[in-house]
Amino acid sequence: MSSFEKSKTTLGLEMATDPRWVNIAEKSIEFILTDHAWCEQKAAVHGISIISKFSKFPKIVEVISPIVAEEWGHFRKVVKELKSRGFELGHQRKDEYVNQLNNFIRKGDHVHKQIVEYLLSFAMIEARSCERFRLLSIHIQDPQLKKFYHDFMVSEAGHYKAFINLAKEFGSEEYVMNRWDEFIEFEAEMVKKIEVRGDRMH
Ligand SMILES: [Fe+2]
Ligand SMILES: [Fe+2]
């Protein structure tokens with residue numbers, strides 16, 4: 001299937017995911033839920049690691065700590081959903097999306113710029129997740145899962161905004177938004193090349 005169409009979509013992303021992805025995803029819901037759970041686990045770990053790395057900046061600690069708690073709550077929620085459907089948390093897979101995005105981050109810059117890089121990469125993951133949750137909430141058949149994904153969409157959109165706003169504490173509005181445009185462009189090219197599968201969120 002052609003997985004993307006070029007159009008401005010949720011949160012300004014360049015490439016919209018083909019909604020037919022949802023049909024495939026719904027048929028392999030055990031694997032989608034497992035992958036989703038691990039995405040939440042990674043979001044929590046990323047938050048903890050940026051706090052550890054940049055603990056001397058009170059704003060980082062203040063804004064990211066509650067997000068970590070929420071991401072861990074999300075992990076638990078998804079594991080509970082798996083259990084209620086008679087499934088167990090499966091294995092974590094190699095996350096090509098996150099790995100490629102990490103490679104795009106500029107390393108060794110001034111500390112403030114480095115923080116902006118991390119925060120924009122987190123915002124990017126939130127934005128794409130949010131786009132996929134939205135599709136699931138609209139197109140999935142199961143009414144309970146519709147609500148489940150809608151709630152995730154709302155929560156991750158809040159995280160996206162929080163990361164972008166926090167980035168602006170460490171770089172000018174102009175610098176952050178220009179760099180964000182570069183992230184958007186890179187991500188659009190990246191998702192075109194990554195195979196969209198019914199057992200993966202990204
Ligand atoms: Fe989350
Ligand atoms: Fe999030």
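A quick note: this is a predicted structure, and the numbers were derived from the prediction, not measured. Counting starts at 1 for both ligands and their atoms, following the listed order.
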Undergrad: Could you tell me whether a side-chain N or O of Thr17 sits under 3.5 Å from a main-chain N or O of Arg132, the two making a donor and an acceptor?
TA: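 No, the answer is negative, given that no donor and acceptor are paired below the 3.5 Å cut-off.
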Undergrad: Does His36 reach the side chain of Glu81, with side-chain heavy atoms less than 4.5 Å apart?
TA: no
Undergrad: What residues form a salt bridge (Lys or Arg N to Asp or Glu O under 4.0 Å) with Lys161, not counting sequence neighbours?
TA: none
Undergrad: State whether a side-chain donor-acceptor pair under 3.5 Å links His46 with Glu71.
TA: no
Undergrad: Can you tell if the side chain of Lys77 reaches within under 4.5 Å of the side chain of Phe148, non-hydrogen atoms only?
TA: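 Yes, side chains in contact.
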Undergrad: Check which protein N, O or S atoms are less than 2.8 Å from the Fe ion (ligand 2) and report how many there are.
TA: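 Every protein N, O or S atom under 2.8 Å from the Fe ion (ligand 2) counted, the figure is 5.
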Undergrad: Does the plane of the ring in His110 sit parallel, tilted or perpendicular to the ring in His112? Use 30° and 60° as the thresholds.
TA: perpendicular
